[in-house]
Enquirer: 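Have a look at the structure that comes next, please.
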2 protein chains.
Amino acid sequence: MPATDTPERILDAAERLFAERGVDGSSLRAVTRAAGVNLAAIHYHFGSKEALLGAVMARRIEPVNQARLKRLEELVGAAQGEAIPVEALLDAFLAPAMRLVTSGERGQLFAQMLSRAYWEAGEAFREAAMTQLREVAERFGPELARSLAPLPLEEVAVRFHYMTGVVLQELADPYRERRGPPFTVPEADPETRLERLVTFLAAGFRAPASSRSREEATS
Amino acid sequence: MPATDTPERILDAAERLFAERGVDGSSLRAVTRAAGVNLAAIHYHFGSKEALLGAVMARRIEPVNQARLKRLEELVGAAQGEAIPVEALLDAFLAPAMRLVTSGERGQLFAQMLSRAYWEAGEAFREAAMTQLREVAERFGPELARSLAPLPLEEVAVRFHYMTGVVLQELADPYRERRGPPFTVPEADPETRLERLVTFLAAGFRAPASSRSREEATS
DNA sequence: GTCTATAGCCGGATAGAC
DNA sequence: GTCTATCCGGCTATAGAC
């Protein structure tokens, strides 16, 4: 029994190459070369390049979403029917992802890969990613709306959409260090990064609806 | 003299294909086919695929940045030495980009292309994009910091970084309509979209520094 | 399960006629 | 400036020996 078996070696290598050079930019030959396995092994174990991408994704997303839901349930239980503060909801949603990304090189690579795939890959991938997120969004959405009442639901949806952009940027942008002023973003430990995210996003979520939406619902 | 000359036909076709299928995902053969020109014309007029990408970018970015700077100068002039409200700064920064994106199909395509290229393309592209943005960021950065005083400069930089993520997501995500609940983001006219962006971002920018940064500077 | 070999195709780039 | 023809290499995927 080798230290890591062939499928796992392939997943690790694919994750790294997809993150560093994009999915389209990474050939299966490069993946097998990096993994130290034979070219045909990918097709034997995964079937196709697209299926390989799906497998790379699934391996990491599921635990993050489980952790998100667990934290949310704890909050809901503790709130005893009261609305949960936005900051707590955001923390529950973001902390598991931040934990993955800052838990080591592999998590960071995965985040880069996710962003690249989000913009780059085909419809099939996006469907899969949405499906993975759906269960989580369906639980968080109503709680968020409740905490932000009377903010119109439309605004909650738009701001949730904004949040995904912020999170992709913060967790996945691998160029933080390399750019010069005035783009230099300071290094920070995971707790600070998370706190900054929550602070910024909570303020944005809490903003009163812009005037064009306000006729719809304001107490 | 044809309605549009060959280089322009190539730029238009490349913009569309890069947006729809990514840069790596679009072959030069596909571009020339879509443009109705000969394969060799790309190399004659642009030299290489990478140079073509640069040309597609430059054509649209420059006018947007000029408009941004013009609006900022007007604000600075009218403020007569006073700090400019964040909302006005954000509007000056975002309105020209929003105008491009909502001015027609071509602007929308360009925004998609920009996001894809941001995450996908090589270091060379990102350098070019940063160079284009640098002049603008160097003017807006200090004004933002002044309006947000005493927010630490670090926080301003981080939040500017967040903003780029929000803007990429809002302007470029082409999948707004196609996803089901709870991801459905409502359609909205350009003014509403801009106002929502400004509202959300201004609130985020105005948030007090998170506690870990607060020892640095708070009045 | 792992390998070699190869089918079959498409990629970017260029040479050179017109 | 525009075209054809072609170089040369890389690509995904599969067949079939071991």
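Residue numbering restarts at 1 for every chain, and letters A, B, ... go by the order of the sequence lines.
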Enquirer: Please list residues of residues 45-58 of chain A whose heavy atoms come under 4.0 Å from any atom in DNA chain D, ordered by number; otherwise none.
Expert: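 Under 4.0 Å from DNA chain D: A/S48, A/K49.
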Enquirer: Decide salt bridge (charged side-chain N to carboxylate O under 4.0 Å, His left out) for B/R21 and A/D24; before the verdict, give the C-alpha distance in whole Å, the side-chain angles of both, and the deciding distance to 0.1 Å.
Expert: CA-CA 10 Å; B/R21 295 146 51 160; A/D24 284 349; over 6 Å; no
Enquirer: From D/dC3, C/dT2, D/dT2, pick the nucleotide closest to the side chain of B/A40?
Expert: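 Of D/dC3, C/dT2, D/dT2, D/dC3 is nearest to the side chain of B/A40.
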Enquirer: Between B/L28 and B/L52, is the side-chain contact (heavy atoms from CB on, under 4.5 Å) condition met? List the steps.
Expert: CA-CA 10 Å; B/L28 294 185; B/L52 171 63; 4.2 Å; yes
Enquirer: Under a 3.5 Å distance rule, please check whether B/R68 uses its side chain to pair with a backbone N or O of B/P63 as donor and acceptor.
Expert: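 Absent.
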Enquirer: Side chains of B/R116 and B/V23: closer than 4.5 Å at any heavy-atom pair?
Expert: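 They are not in contact (no side-chain heavy atoms under 4.5 Å apart), so the answer is no.
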Enquirer: So if I take every side-chain heavy atom of A/N38 and compare against C/dT4, C/dG11, D/dA13, which nucleotide ends up nearest?
Expert: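 Closest nucleotide to the A/N38 side chain: C/dT4.
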Enquirer: Between atom CZ in B/R29 and atom C1' in D/dC7, what is the gap in whole Å?
Expert: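 To the nearest whole Å, that distance equals 11 Å.
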Enquirer: Round to a whole Å and report the spacing from CD1 of B/I42 to C1' of D/dT2.
Expert: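 Taking atom C1' of D/dT2 as the reference, CD1 of B/I42 is at 14 Å.
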Enquirer: Between C/dA5 atom P and A/H43 atom NE2, what is the distance in whole Å?
Expert: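 Whole-Å distance recorded here is 18 Å.
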Enquirer: Indicate whether OP1 or OP2 belonging to D/dC11 is found under 4.0 Å from a side-chain N or O atom of A/S27.
Expert: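 Result: yes.
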Enquirer: Whole angstroms only, please: what is the CD1-P distance between B/I10 and C/dG12?
Expert: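 From B/I10 CD1 to C/dG12 P: 13 Å.
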Enquirer: When the distance from CG of A/L39 to P of D/dA13 is rounded to whole Å, what number comes out?
Expert: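 Nearest whole value for this atom pair: 10 Å.
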Enquirer: Whole angstrom is fine here: how far is it from CZ in A/R33 over to C1' in C/dT4?
Expert: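 The distance from CZ of A/R33 to C1' of C/dT4 comes to 16 Å, rounded to the nearest Å.
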Enquirer: Begin from the C-alpha positions of A/R159 and A/L151 and carry the test side-chain contact (heavy atoms from CB on, under 4.5 Å) through to its verdict.
Expert: CA-CA 11 Å; A/R159 292 174 187 187; A/L151 192 71; 3.6 Å; yes
Enquirer: Test side-chain contact (heavy atoms from CB on, under 4.5 Å) on B/N65 and B/E135 and set out the steps.
Expert: CA-CA 9 Å; B/N65 282 346; B/E135 185 188 357; over 6 Å; no
Enquirer: Tell me the interatomic distance from B/L28, atom CG, to C/dT14, atom C1', rounded to whole angstroms.
Expert: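 One finds 13 Å between C1' of C/dT14 and CG of B/L28, rounded.
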Enquirer: At under 4.0 Å, does any side-chain N or O of A/T6 touch on OP1 or OP2 of C/dT2?
Expert: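 Yes, within the criterion.
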Enquirer: Less than 4.5 Å apart, any side-chain heavy atom of A/P186 and any of A/R196?
Expert: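 Yes, close enough: below the 4.5 Å cut-off.
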